**Student:** 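Sharing a structure, written as structure tokens. Questions coming.
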Amino acid sequence: MPARIITSDDEDDLMPPSRPSTVKRVKDEDDDDAPVVKKVKKESSTPKASPKVKKATTTTKVKKESTTNAKKAPVKKTTTTTIKKDPVKQQTVKKTTIKKETVGADGKIKKEETEEAEDVYKWWENDNQDDSIKWETLEHKGVMFPPEYEPLPKSVLMKYDGTPVVLPHAAEEVAGFFGAMLETDHAKNPTFQKNFFNDFKAVLKESGGAKDKDGNNVQIKAFSKCDFSDMYAHFEKMREEKKAMSAAEKKAIKAERDKIEEPFKVCLLNGRKEQVGNFRIEPPGLFRGRGAHPKTGKLKRRVMPEQITINIGKGVPVPEPPAGHKWGEVRHDNSVAWLAMWHENINNSIKYVLFAANSSLKGMSDYKKFEKARELKKHVATIRKDYEKELKSEAMFERQRATAMYLIDVLALRAGGEKGDDEADTVGCCSLRYEHITLSPPNIVEFDFLGKDSIRYHQEVEVSPQVFKNLRIFKKAPKKVGDDIFDRLDPSVLNKHLQNYMPGLTAKVFRTYNASKTMDDQLALIPNEGTVAEKLVKFNAANRAVAILCNHQKTVSKTHGESVGKIEDRINEVVWQKWRHKRMLLDLEPKLLKKEPKLFEDLDELSKEEKTACANRLLEKDSERWTKKFERDNEKLVAEKQKPKPKSELNAKLKDLADTNKQYLKEIKSNKVEGKGTVEKLRAQVEKLETRVTTMRMQLKDKEDNSSVALGTSKMNYIDPRLTVKFSKKYDVPIEKLFTKTLRDKFQWAIQSADEDWEF
DNA sequence: TATCCGACTTAGCAATTCCTAA
DNA sequence: TTAGGAATTGCTAAGTCGGATA
């Protein structure tokens, strides 16, 4: 098809392009009085159709600084270092033993001796550029298989149409997979049920079919007649039992497990010990596809050694397959970084056993990824200039390419490859369809689509007039629902174009670059002052700006609404106390109402019903507390062979509480509270209560804002870790507060190589 | 040129562990 | 001391992208 030429008719309302950095996001209809903000700030609304409640906003959750940590602070370290030569690379490695003395919370000195940093290979101090060869020598112990299926107790049976049925072990295992998930959303999803049931029936047929207690065949025909509740109850019971085990028992089990796993955890890469990531073969189960995945619920079959390809160095012992089995294949391919692989049966995709995140190979590729993003800094101005120009190109293809570039650069959209009918319908930039964008003149674009993992991307964005105009052209009839917006474009075309600017440049680099750049800009705004806790809050706010840019979300926890409700109750209780104090003030000095009307304008903040609820909650809570205390005290007295306190003592206290409650209810009804103390004291108390309400409301907002934003993904994959290390050093915030243990291991290279002067 | 496949990164949810407040 | 909620880790699904294949 020849490139479509854009006619002058299309150009009638051409306007000068605006810089991408001036693109603004606008808010959803539910809070349209909020300020319009720049690029990093965006809102996503609660989807009505989706079962998940997702929301993204921009405030910070205040994390309280731990005081016990401060007590632990004095640490005495003794470090012994032995230097030896690495046999393969002649690289100097250090074996460091760190002896630590820490003062615990109990005031006792604890001695720990950890062999941190054993055989540290500082690959980042070498210039190791070759990517095509991943290793010289590789030794490992293979993979760990999940345990064999253990049949359920004979008493635990699935019921069909009310009759308990005996299933062959293979079928019972599959039924059990479903039974264990009975109370999850998956098990309630019709597609999941249908796929599970088809595969279950197939296994049942293969393995001999279901029988009743007399050995007669039972035809399993309808899912709706299957009852897995006994199985579910059985698994619940097992879980409870496991939970109820003593700490010693749990520890013993863990120790045994660790012992079995130990050989698989590490391997020798070029003679150095490195950690293996997922050495466990995935156990069989039901495929938990995300979103509306057509295959969700299908049986993921047990992986046999015969399906597994082992990749290992030449001339080293090949790990033994389980007794009676053979490996599918043994390879010696040093151009790849996997130790084992197999094809899974759901999508026939390949699963790999790879190195752990803290390994040198993963570290190097991470390092290269961020260096590539930094390299983009040098080219981004040219690229932007070019696509701004091409937004007005006469060639349809170029215009589409430029528009897509704009969206990838400004909104941090993913490339968006084609997907098949046997996958969930999700899109990225190049695969956006007609129905995913709505245009509102003069230049507001509403994006509403499901992205990776079926996470909803819902934004109203103010784009440059030229981009708006282009999108309108790309949506022009005969285009209709279901058609691609960028019909001339796909990621490979786009990426090929990007290679012209810089080798290795692809759409995904823009996400890394813009995420790190945003973080860098946000961190630069933080003043170097305040406590560690305050600086942490600001760091997290910067992190959140990045997470929002990348649309990283998490499902709102099931208990979120409940815990918000509890906080709201507590806020109301403080507001009610504030009301009482103000009423007392008026009781002592009625003229204040006229003199300081502002002070009393919030007197009706709570309705009578709300105040009554507060008073009653207080009564309930106090009664419960006193009753519990009474019981506990008496138990103690009995244990000490003393006479317990008489019940009348408790009853007297409960009566006191009830009387106070009556008094409160009277106050609420009459709108009058008897003044006690002095006006000055009351004023001070009111002020204190005001600040408390403000703080609590702020914390609540933080909780709400954070409830659906996932900070971890950007910290782990998009923000150059050297930015975090730089922040740590410059602002004197311990790195332990910014990176978890796992991230510190993963980003060892950054921690050791960046300082406060490092620049992204 | 389109499609598929292989290799690897990115991602959210589930399970486990840790911490805090009562 | 313990329960419950937050933080962290583990698991594996779902992307990107380059190169092979049809």
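Treat the numbers as computed from the prediction; the structure is a model and nothing was measured. Proteins come first, then strands; the chains are lettered A, B, ... in the order of their sequence lines, and each starts at number 1.
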**Student:** Write out all pairs satisfying ring pair (Phe, Tyr, Trp, His ring centres under 6.0 Å) with one or both partners inside residues 543-567 of chain A, taking only residues at least two apart or from two chains.
**Tutor:** H552(A)-Y718(A)
**Student:** Under the criterion side-chain hydrogen bond (donor to acceptor under 3.5 Å, both in side chains), which of Q748(A), R744(A), Q275(A) is the partner of N358(A)?
**Tutor:** Q275(A)
**Student:** Heavy atoms under 4.0 Å, any strand shown: does K295(A) hit a base, just sugar-phosphate, or nothing?
**Tutor:**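 The answer is nothing, as K295(A) stays clear of every strand by at least 4.0 Å.
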**Student:** Map S335(A) and R414(A) onto DNA chain B by nearest heavy atom, then report which one ends up closer to the 5' terminus.
**Tutor:** S335(A)
**Student:** Kindly give the atom pairs (protein nitrogen or oxygen, nucleotide nitrogen or oxygen) under 3.5 Å for nucleotides 2-4 of chain C.
**Tutor:**
none

**Student:** Has T555(A) got a side-chain N or O lying under 4.0 Å from the OP1 or OP2 atom of dG12(B)?
**Tutor:** no
**Student:** If you look only at pairs with a residue in residues 336-364 of chain A, which of them pass as a ring pair (Phe, Tyr, Trp, His ring centres under 6.0 Å), with sequence neighbours excluded?
**Tutor:**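 Those involving residues 336-364 of chain A are W338(A)-Y352(A).
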**Student:** Got a donor-acceptor contact below 3.5 angstrom from the D484(A) side chain to the F486(A) backbone?
**Tutor:** no
**Student:** Just to verify, what does K369(A) make a salt bridge (Lys or Arg N to Asp or Glu O under 4.0 Å) with, not counting sequence neighbours?
**Tutor:** D366(A)
**Student:** Could you please name the option among dT12(C), dG6(B), dA14(C) that lies closest to any side-chain atom of I350(A)?
**Tutor:** dG6(B)
**Student:** Which part of the nucleic acid, if any, lies within reach of G416(A) when heavy atoms closer than 4.0 Å are counted: base, sugar-phosphate only, or nothing?
**Tutor:** sugar-phosphate
**Student:** Could you check which of dT12(C), dA11(B), dG10(C) has an atom nearest any side-chain atom of K351(A)?
**Tutor:**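 That would be dT12(C).
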**Student:** Quick test: give all pairs of protein nitrogen or oxygen and nucleotides 15-18 of chain B nitrogen or oxygen below 3.5 Å, distance rounded to 0.1 Å.
**Tutor:**
none

**Student:** What nucleotide, of dC8(B), dT12(C), dT10(B), holds the atom closest to the side chain of K452(A)?
**Tutor:** dT10(B)
**Student:** How does each nucleotide of nucleotides 17-22 of chain C score, in 5' to 3' order, for protein heavy atoms under 4.0 Å: base (B), sugar-phosphate only (S), or none (-)?
**Tutor:** SS----
**Student:** Within the structure shown, what part of the strands sits under 4.0 Å from T559(A) by heavy-atom distance: base, sugar-phosphate, or nothing?
**Tutor:** nothing
**Student:** Indicate whether any N or O donor in one side chain lies under 3.5 Å from an N or O acceptor in the other, for N543(A) and S714(A).
**Tutor:** yes
**Student:** If you look at every strand shown and take non-hydrogen atoms under 4.0 Å, does I346(A) touch a base, only sugar-phosphate, or nothing?
**Tutor:**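 The answer is nothing, as I346(A) stays clear of every strand by at least 4.0 Å.
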